[in-house]
Undergrad: 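If you scroll down you'll find the structure; I have some questions about it.
A, B, ... follow the sequence lines: proteins, then strands. Residue 1 opens every chain.
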Amino acid sequence: MDYKQIIAQAIAKAADMAADEIEAMIEVPADTSMGDYAFPCFRLAKTFRKAPPLIAADISEKLEIPKGISRAEVVGAYINFFLDNQSFIEDVLGDVLEKGEEYGSADIGKGRNVCIDYSSINIAKPFHIGHLSTTVIGSSLYKIYNFLGFHSIGINHLGDWGTQFGKLITAYKLWGNKEDIEKNSINAMLELYVRFHDEAEKDDSLNDTARMWFKKIEDGDEEALSIFNWFKELTLKEVKIIYDMLDVHFDSYDGESFYNDKMQPVIDELNEKHMLELSEGAYVVRLGDELPPCIILKSDGATLYSTRDLAAAFYRKKTYDFYKCLYVVAYQQDLHFKQWFKVVELMGYTWAKDLEHVSFGMVSLEGGTLSTRKGNVVLLQEVLEKAVEKTRAIIEEKSPGLEGKDDVAKTVGVGAVVFDALRTARIKDSTFSFERVLNFDGETGPYVQYTYARCQSLKKRCDFDFLTAEKDWQAIDNKEAFAVAKLLEGFGEVVIKACEKNEPYFITKHITELAKAMNRFYFEHRVIDDDKAATAARLTVAHCAGVVIKTGLSLIGVGAPERM
RNA sequence: GCACCCGUAGCUCAGUAGGAUAGAGCGUCCGCCUCCUAAGCGGAAGGUCGCGCGUUCGAAUCGCGCCGGGUGUGCCA
């Protein structure tokens with residue numbers, strides 16, 4: 001089934017060259033009218049001392065057309081290869097039928113653990129659209145790695161440490177009340193936090209009180225800890241609602257507080273290795289001319305996030321013996337990760353190369369940057385609710401008789417938001433817009449889901465078992481079915497590429513293309529008619545497209561409704 | 001100042017281990033439901049691939065230099 005390889009062998013034989021060398025030169029033409037595979041002869045000009053078009057003609061003449069290829073055609077310096085459409089379609093569909101939802105999966109990660117640090121929310125802070133990227137990218141990677149045989153470990157590295165919690169307790173003791181917090185949860189905490197900052201500007205002694213409360217947390221004071229843990233519990237409870245909506249899961253919630261007692265051994269080791277240097281009152285590790293030094297201990301002796309990240313990395317290596325450890329964190333922290341990765345390397349650990357910062361771009365609002373404290377935020381829950389609401393309205397308009405409207409509205413609405421967040425390369429900045437997220441036309445989540453529902457609907461309309469029925473493959477010997485088959489065939493490679501580059505959008509793009517091809521097929525060819533064998537063949541196309549669309553959607557964390 | 005990232009159609013983006021006339025969606029305009037879901041399909045218009053020089057048979061893609069935007073740049077995370 002590896003056509004590239006088959007073609008390479010044939011060319012190699014004709015040109016008397018090494019097959020692997022040839023294979024690396026074979027490409028896929030941008031335009032399918034120029035074939036399915038192409039071999040450019042430009043680079044052979046030097047070795048053969050002939051003009052490229054002549055070389056192409058010579059090779060073509062000696063070429064034995066391999067099985068599965070219908071013809072080879074010389075165009076200028078290119079030899080273009082055309083697949084035998086019918087046998088190709090049959091092969092691919094057969095493969096999808098056989099493997100089902102496993103189609104595209106692999107076992108390249110067998111026995112390997114991959115830690116994925118994503119979402120990593122802050123306690124007592126609302127979940128806004130700025131947290132969407134890390135959450136859905138991380139969650140998608142979690143699924144992609146699992147699909148390829150790895151064992152993913154999802155880690156929500158909670159932001160549950162720091163003086164802000166001293167501030168929060170101070171504010172709570174002064175102005176808060178239990179009922180309000182229980183009732184309004186994060187909103188109430190945020191209000192207290194904002195009020196603290198307002199009041200502290202007038203009365204600096206509040207900051208001292210806050211430091212005192214944080215010290216109490218550190219010292220394990222019972223009252224301080226109980227308030228702190230209560231805040232933590234309420235925050236997680238509220239955020240869990242969003243994670244459930246998004247179908248996002250974690251295997252660990254070990255965050256900053258968890259590593260509080262695990263930093264000293266790292267500091268000791270740095271000391272033993274004579275890597276710590278006292279500089280301007282702080283202890284730092286020098287990283288050479290390329291990078292600024294990494295601060296390990298502040299001049300007051302306190303630790304920093306680098307220290308905590310180091311401790312966490314050692315803990316994860318020891319606990320999970322990871323093959324890779326990914327950090328799905330915005331690009332603002334590029335330097336920070338480069339620095340402490342370098343520290344691990346300088347400590348002599350070769351696994352430093354397995355640490356990877358999966359960075360992504362910023363989300364801003366039309367009115368400027370996001371700021372929790374200034375109230376310039378769009379809450380994710382609000383976005384999801386609006387999307388579901390809008391979907392609900394569309395359903396009432398287009399399919400008023402639909403069963404399970406609420407479930408479908410949820411799957412489609414939430415899917416639209418997630419799909420939108422995973423539609424481009426991670427690194428791109430984006431400006432959040434309700435207009436775009438709530439547009440369900442064109443290359444969107446609902447479009448792909450709609451195509452899936454269409455495929456399912458076709459199957460329901462068929463009154464015999466098309467899977468076991470005899471099929472007339474000639475009925476799908478057309479360019480639309482061929483286009484679907486090619487995209488089905490390319491799916492596995494795309495998943496691997498998405499994994500290698502940690503880019504879920506490769507999958508988003510591919511299933512969008514597949515949906516387009518499927519819709520074209522649907523439009524051009526009546527699927528169900530009186531000819532049973534032909535109907536069975538055409539339904540197989542729809543069925544296989546549906547299988548792969550569903551798998552693809554699930555890998556980016558989007559559901560596939562059976563009808564919509 | 002220095003480092004990193006980005007710059008492709010009105011907008012949002014693909015395409016960047018060099019390859020054949022630079023692609024898609026949105027928006028705009030024009031068509032297609034007595035027929036399997038029109039959240040669909042087809043078509044039109046729309047581009048000095050930020051600019052210049054270089055490497056190459058060939059550059060949106062590689063190198064150098066600019067310009068524009070973003071991020072970061074020692075005790076926040």
Undergrad: Tell me whether A/N80 contacts the main-chain N or O of A/G35 through its side chain, where contact means a donor paired with an acceptor under 3.5 Å.
TA: no

Undergrad: Glycosidic conformation of B/C33, syn or anti, with 90° from 0 as the boundary?
TA: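 Here B/C33 takes the syn form, which means its glycosidic angle is within 90° of 0.
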
Undergrad: Using the C1' atom as the reference point in each nucleotide, state the distance between B/A22 and B/A14 in Å, no decimals.
TA: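 After rounding to an integer number of Å, I get 11 Å for this pair.
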
Undergrad: Base, sugar-phosphate alone, or nothing: which one does A/L335 contact when heavy atoms must sit under 4.0 Å apart?
TA: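 A/L335: backbone/sugar contact only, no base atoms under 4.0 Å.
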
Undergrad: Taking the P atom of each, how far is B/C64 from B/C4, in whole Å?
TA: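 Per the computed distance, 10 Å lies between those P atoms.
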
Undergrad: Give one of base, sugar-phosphate or nothing for A/F42, where a contact means two heavy atoms less than 4.0 Å apart.
TA: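 A/F42: base contact, heavy atoms under 4.0 Å.
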
Undergrad: Just checking A/R526: base, sugar-phosphate only, or nothing, at a heavy-atom cut-off of under 4.0 Å?
TA: base

Undergrad: Does a salt bridge link A/E345 with A/K342, judged by any charged N lying under 4.0 Å from a carboxylate O?
TA: yes

Undergrad: Is any side-chain heavy atom of A/S257 closer than 4.5 Å to one of A/I217?
TA: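 When only atoms from C-beta onward are counted, A/S257 and A/I217 do not touch, as no gap falls below 4.5 Å.
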
Undergrad: In Watson-Crick or G-U wobble terms, both distances under 3.5 Å, what is the partner of B/G65?
TA: B/C51

Undergrad: Is the terminal nitrogen or CZ of A/K125 (NZ for Lys, CZ for Arg) located under 6.0 angstrom from the six-membered ring centre of A/Y193 and within 45° of that ring's axis?
TA: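 The answer is yes; both the distance and angle limits are met.
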
Undergrad: Could you give the distance separating B/U8 and B/C13 at their C1' atoms, to the nearest angstrom?
TA: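 Comparing C1' positions in B/C13 and B/U8 gives a spacing of 9 Å.
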
Undergrad: Relative to A/F82, does A/R71 satisfy both conditions: NZ or CZ under 6.0 angstrom from the six-membered ring centre, and within 45 degrees of the ring's axis?
TA: yes

Undergrad: Using the closest heavy atom to pick a nucleotide of RNA chain B for each, name whichever of A/S299 or A/T431 lands nearer the 5' end.
TA: A/T431

Undergrad: A/D289 near the nucleic acid: base, sugar-phosphate alone, or nothing, with a heavy-atom cut-off under 4.0 Å?
TA: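 No contact.
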
Undergrad: On the side chain of A/S457, is there an atom forming a donor-acceptor pair with the base of B/C36 - under 3.5 Å, no angle test?
TA: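 Result: no qualifying N/O pair found.
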
Undergrad: Between B/G70 and B/C29, how far is it from one C1' atom to the other, in whole Å?
TA: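 Comparing C1' positions in B/G70 and B/C29 gives a spacing of 36 Å.
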
Undergrad: Using purine N1 to pyrimidine N3 plus N6-O4 or O6-N4 for Watson-Crick, or N1-O2 and O6-N3 for G-U wobble, both under 3.5 Å, which nucleotide pairs with B/U16?
TA: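 The base-pairing partner of B/U16, which may sit in any strand shown, does not exist here.
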
Undergrad: How would you label the contact of A/Y522 with the nucleic acid (heavy atoms, under 4.0 Å): base, sugar-phosphate, or nothing?
TA: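 Base, at least one base atom sits under 4.0 Å.
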
Undergrad: What integer number of Å spans the P atoms of B/C5 and B/U12?
TA: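 22 Å, rounded to whole Å.
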
Undergrad: For A/Q333, answer base if it contacts any base atom (sugar-phosphate contacts may also be present), sugar-phosphate if it contacts only those atoms, and nothing otherwise; contact means non-hydrogen atoms under 4.0 Å.
TA: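 Base contact.
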
Undergrad: Have a look at A/P29 and say if it touches a base, only the backbone sugar-phosphate, or nothing, with a 4.0 Å heavy-atom cut-off.
TA: base

Undergrad: Considering only the C1' atoms, how many Å lie between B/A60 and B/U37, rounded to the nearest integer?
TA: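 Per the computed distance, 40 Å lies between those C1' atoms.
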
Undergrad: What is the nucleic acid contact for A/D31, judged by heavy atoms within less than 4.0 Å: base, sugar-phosphate only, or nothing?
TA: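 A/D31: base contact, heavy atoms under 4.0 Å.
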
Undergrad: Taking the nucleotide of RNA chain B with the nearest heavy atom to each, does A/S306 or A/H525 sit closer to the 5' end?
TA: A/H525

Undergrad: What nucleic acid atoms does A/I395 come within less than 4.0 Å of, heavy atoms only: base, sugar-phosphate, or nothing?
TA: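 Since a base atom lies under 4.0 Å of A/I395, the category is base.
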
Undergrad: Quick one: do A/D529 and A/R526 make a salt bridge, cutoff under 4.0 Å?
TA: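 Salt bridge absent between A/D529 and A/R526.
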
Undergrad: Classify A/R43 by what it touches in the nucleic acid, base, sugar-phosphate, or nothing, heavy-atom distance under 4.0 Å.
TA: base

Undergrad: Between B/G68 and B/C49, how many Å separate the two C1' atoms, rounded to a whole number?
TA: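 It works out to 16 Å between them.
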
Undergrad: With heavy atoms under 4.0 Å as the rule, sort A/R308 into base, sugar-phosphate or nothing.
TA: sugar-phosphate

Undergrad: Do A/Y305 side-chain and B/A77 base share a donor-acceptor contact under 3.5 Å?
TA: yes

Undergrad: Can you check whether any acceptor in the base of B/G74 is under 3.5 Å from a donor in the side chain of A/S279, or vice versa?
TA: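 Answer is yes: a donor-acceptor pair is held.
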
